[in-house]
Amino acid sequence: MEKKTVLCVDDSPTIRKLVHKALEPEGYEVVDAANGKEALDISDGRHIDFFLVDVNMPVMDGFQFAESLKKRDSGATVPVVFLTTESGSDKKQRGKELGVRGWIVKPFEATSLVKLVSMLTG
């Protein structure tokens, strides 16, 4: 079975480490980016199956990233899920309008993350 690639976009090295710890034993390849701009650069030349994105980051935040990705032909159909401390309904609505498929509030449970990634990457 081909490994699915998850791009974890978060400015926190600790969160990125926790995402690796949750997904790699389940057979996923996890690639890191520290902000939305870096994620766009990485995904420009690489196949990504799933984006796990923080909302609040320097340089380019999660909303800006989702908006930019949506404009790309190659990235518009790849699932984007926000992993964030934000939980306001206005922000969730904004994410939904940008095509964000899910919302996980930090701290997260590894089993829930694995289940969601599995469901959305088929």
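We use all heavy atoms of the structure for the numbers below, so side chains are in, but hydrogens, waters and symmetry mates are not. All values reported here derive from a predicted model rather than from experimental measurement.
Side-chain heavy atoms closer than 4.5 Å link hydrophobic residues (I, L, V, M, F, W, Y) into clusters, and following such links, even through other members, never connects Phe51 to Val30. Val105 is not connected to Leu113 by any chain of hydrophobic side-chain contacts under 4.5 Å among Ile, Leu, Val, Met, Phe, Trp and Tyr, and they are in different clusters.
Counting all heavy atoms, side chain and backbone alike, Val53 lies closest to Gly62 at CG1-CA, 3.7 Å. When all heavy atoms are compared, the tightest approach of Gly95 to Phe63 is N-CE2, 3.7 Å. The nearest pair of heavy atoms linking Ala34 to Met57 is O-SD, 4.0 Å. When all heavy atoms are compared, the tightest approach of Ala39 to Leu7 is O-CD2, 3.7 Å. Ala66 and Val100 get closest at one heavy-atom pair: CB-CG2, 4.2 Å. Of all heavy-atom pairs spanning Val55 and Asp61, the tightest one is O-CB, 3.0 Å.
A donor-acceptor contact shorter than 3.5 Å links the side chain of Thr121 to the backbone of Val117.
In this structure, Glu29 pairs ionically with Arg46, as a charged nitrogen and a carboxylate oxygen lie closer than 4.0 Å. Electrostatic pairing of Asp41 and Lys37 counts as a salt bridge here, judged by a charged N lying under 4.0 Å from a carboxylate O.
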Item to check | Verdict with reasoning, Ser118 to Lys4, per side-chain contact (heavy atoms from CB on, under 4.5 Å) | outcome: CA-CA 9 Å; Ser118 175; Lys4 301 284 185 178; over 6 Å; no
Checklist entry - How far apart are the C-alpha atoms of Asp54 and Val9, what are their side-chain angles, what is the distance that settles it, and do they pass the side-chain contact (heavy atoms from CB on, under 4.5 Å) test? => result CA-CA 6 Å; Asp54 189 11; Val9 189; over 6 Å; no
Checklist entry - Is there a side-chain contact (heavy atoms from CB on, under 4.5 Å) between Val31 and Thr5 once you walk through the steps? => result CA-CA 7 Å; Val31 180; Thr5 302; 3.8 Å; yes
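Residues Leu116 and Leu120 have side chains in contact (heavy-atom distance under 4.5 Å, counting atoms from C-beta outward). The closest side-chain heavy-atom distance from Val80 to Leu98 is not below 4.5 Å. With a 4.5 Å cut-off on side-chain heavy atoms, Val81 and Ile104 count as touching. Residues Cys8 and His20 fail the side-chain proximity criterion, which asks for heavy atoms closer than 4.5 Å. Using a 4.5 Å cut-off on side-chain heavy atoms (C-beta onward), Asp49 and Val6 make no contact. Contact check for Leu23 versus Val114: side-chain heavy atoms found under the 4.5 Å cut-off. Between Glu38 and Ile42, the closest side-chain pair of non-hydrogen atoms falls below 4.5 Å.
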Output side-chain donor-acceptor pairs under 3.5 Å for residues 11-19, partner residues at least two apart or in another chain, one line each.
from: Ser12; atom 1: OG; to: Thr14; atom 2: N; distance (Å): 3.3
from: Ser12; atom 1: OG; to: Ile15; atom 2: N; distance (Å): 3.2
from: Arg16; atom 1: NH1; to: Asp10; atom 2: O; distance (Å): 2.6

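Within the model, atoms CD of Glu97 and NZ of Lys92 stand 14.5 Å from one another, a figure rounded to the nearest 0.5 Å. Atom CZ in Arg101 sits 8.0 Å away from atom CE in Met119 (nearest 0.5 Å). Between the CG atom in Leu69 and the CD atom in Gln64 there is a gap of 13.5 Å [rounded to 0.5 Å].
When the shell of 6.0 Å around NZ of Lys106 is examined, it contains more than 12 heavy atoms from other residues, nucleotides or ligands. Counting non-hydrogen atoms of neighbouring residues, nucleotides and ligands closer than 6.0 angstrom, the CD atom of Gln93 exceeds 12 such neighbours.
Among pairs with a residue in residues 92-120, those fulfilling ring-ring contact (aromatic ring centres under 6.0 Å, His included) read Phe82-Trp103, at least two apart in sequence or across chains.
By the ring-ring contact (aromatic ring centres under 6.0 Å, His included) test, Tyr28 is found to be paired with no residue, residues two or more places apart in sequence or in another chain being considered.
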